[in-house]
There are 2 protein chains.
Amino acid sequence: MEKNIEKFMTSTDCPVRNVLDRFGDKWSILVVLVLGEKGTMRFNEINKTIGDVSQKMLTVTLRTLEADGLVSRQVFPEIPPRVEYELTHLGISLVPHIHNLAAWANDNLGEIRTSREKFKV
Amino acid sequence: MEKNIEKFMTSTDCPVRNVLDRFGDKWSILVVLVLGEKGTMRFNEINKTIGDVSQKMLTVTLRTLEADGLVSRQVFPEIPPRVEYELTHLGISLVPHIHNLAAWANDNLGEIRTSREKFKV
DNA sequence: CCGCATCCGCTCTGATACTG
DNA sequence: CAGTATCAGAGCGGATGCGG
């Protein structure tokens with residue numbers, strides 16, 4: 001960071017592009033947040049908690065998070081099948097940062113809304 | 001937060017959905033980061049610093065950030081025209097949080113990459 | 001119960017050309 | 001210099017149906 005921001009930005013190793021872009025999708029942050037809050041959860045539990053995520057997107061999101069090493073997935077060979085998800089230490093280490101962002105969002109939502117309204121005119 | 005996460009998640013007022021979704025686009029975070037680093041900047045300056053953003057997307061991104069009240073836009077009626085952008089106090093207040101995230105990304109990029117490689121197999 | 005496969009619409013993004 | 005306009009492609013995300 002600091003003064004090397006130019007190099008930093010254009011580099012293909014830029015952490016912002018490589019990592020944060022991953023959370024630019026619609027659900028990743030929410031899933032991490034939910035798992036951080038609740039601990040271990042089953043697939044349908046996550047689905048219900050978030051509410052309006054489709055099965056497909058939740059699957060895709062969980063797979064991506066698993067690939068990134070943020071979420072662990074444990075399948076129990078039972079009938080009916082049971083699959084439990086929880087955050088890895090890596091995922092857990094991310095939670096406070098997301099909480100901070102969420103808190104910021106919460107604190108400033110009013111001002112942002114006001115600004116958006118004004119801008120319409 | 002805390003225990004009301006269910007309500008929190010499903011609410012249409014959920015700050016995560018309303019605010020953070022806004023930064024899910026490809027460039028907003030980068031623009032805020034760059035402006036936070038450099039202070040006041042002209043359009044082409046931002047364009048060059050980021051490197052591979054198209055003129056169109058930079059315009060759209062800046063307009064959105066302006067609408068949200070994170071960035072201020074000042075036009076100087078000269079020829080050739082000059083337009084300067086800088087963060088508002090709201091935008092500035094967001095920067096540290098993004099820095100934290102970027103730092104996290106930087107610290108854990110290696111581990112995430114390793115995990116992604118492993119997952120391929 | 002979990003989740004993959006398919007299809008499809010829609011949004012986002014970029015390339016290009018043009019204007020004050 | 002700082003945009004706007006238009007067009008076209010890619011990929012996200014949802015609905016549905018099927019399978020272990």
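As the structure is a prediction and not an experimental result, all values here were calculated from the model. Protein chains get the first letters and strands the later ones, always in sequence-line order, with residue 1 at the start of each.
- In terms of the salt bridge (Lys or Arg N to Asp or Glu O under 4.0 Å) criterion, B:Glu45 has no residue partners (sequence neighbours excluded).
- When the C1' atoms of four end pairs are superposed on the next four at each end of the helix from C:dC1-D:dG20 to C:dG20-D:dC1, using five pairs per end, the two resulting axes differ in direction by 50°, to 10°.
- Residues passing the side-chain hydrogen bond (donor to acceptor under 3.5 Å, both in side chains) test with A:Glu78 are A:Arg82, sequence neighbours excluded.
- For A:Gly24 and A:Pro81, each mapped to the nucleotide of DNA chain D holding its nearest heavy atom, the one lying further toward the 5' end belongs to A:Gly24.
- Pairs engaging residues 53-66 of chain B under the salt bridge (Lys or Arg N to Asp or Glu O under 4.0 Å) rule: none recorded [sequence neighbours left out].
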Interface polar pairs with nucleotides 4-12 of chain C, N/O, under 3.5 angstrom:
unit_1: C:dC4; atom_1: OP1; unit_2: A:Arg63; atom_2: NH2; d: 2.5

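- Residue A:Phe76 is classed as having no contact, given no heavy-atom separation below 4.0 Å to the nucleic acid.
- Every residue meeting the salt bridge (Lys or Arg N to Asp or Glu O under 4.0 Å) condition with B:Arg116, not counting sequence neighbours, appears here in chain and number order: A:Asp68.
- Under the rule for a side-chain hydrogen bond (donor to acceptor under 3.5 Å, both in side chains), B:Ser115 has no partner lying at least two apart in sequence or in another chain.
- For residues 26-35 of chain A, the pairs satisfying side chain to side chain donor-acceptor pair (under 3.5 Å) are A:Asp25-A:Ser28, with sequence neighbours left out.
- Considering A:Ile98, A:Ile92, A:Thr61 as possible partners of A:Val32, the one that fulfils the side-chain contact (heavy atoms from CB on, under 4.5 Å) test is A:Ile98.
- For the side-chain hydrogen bond (donor to acceptor under 3.5 Å, both in side chains) test, no residue two or more places apart in sequence or in another chain qualifies with B:Asn108.
- Reading DNA chain D from its 5' end, the first and the last nucleotide to sit under 4.0 Å from a heavy atom of chain A are D:dG13 to D:dG20.
- In this structure, B:Trp27 atom CH2 and C:dT13 atom P are separated by 9 Å, rounded to whole Å.
- Residue A:Arg42 places at least one side-chain N or O closer than 4.0 Å to OP1 or OP2 of C:dC2.
- Scanning for salt bridge (Lys or Arg N to Asp or Glu O under 4.0 Å) contacts around B:Arg73 gives an empty result, with sequence neighbours left out.
- Applying the salt bridge (Lys or Arg N to Asp or Glu O under 4.0 Å) test to B:Glu86 and every residue at least two apart in sequence or in another chain returns nothing.
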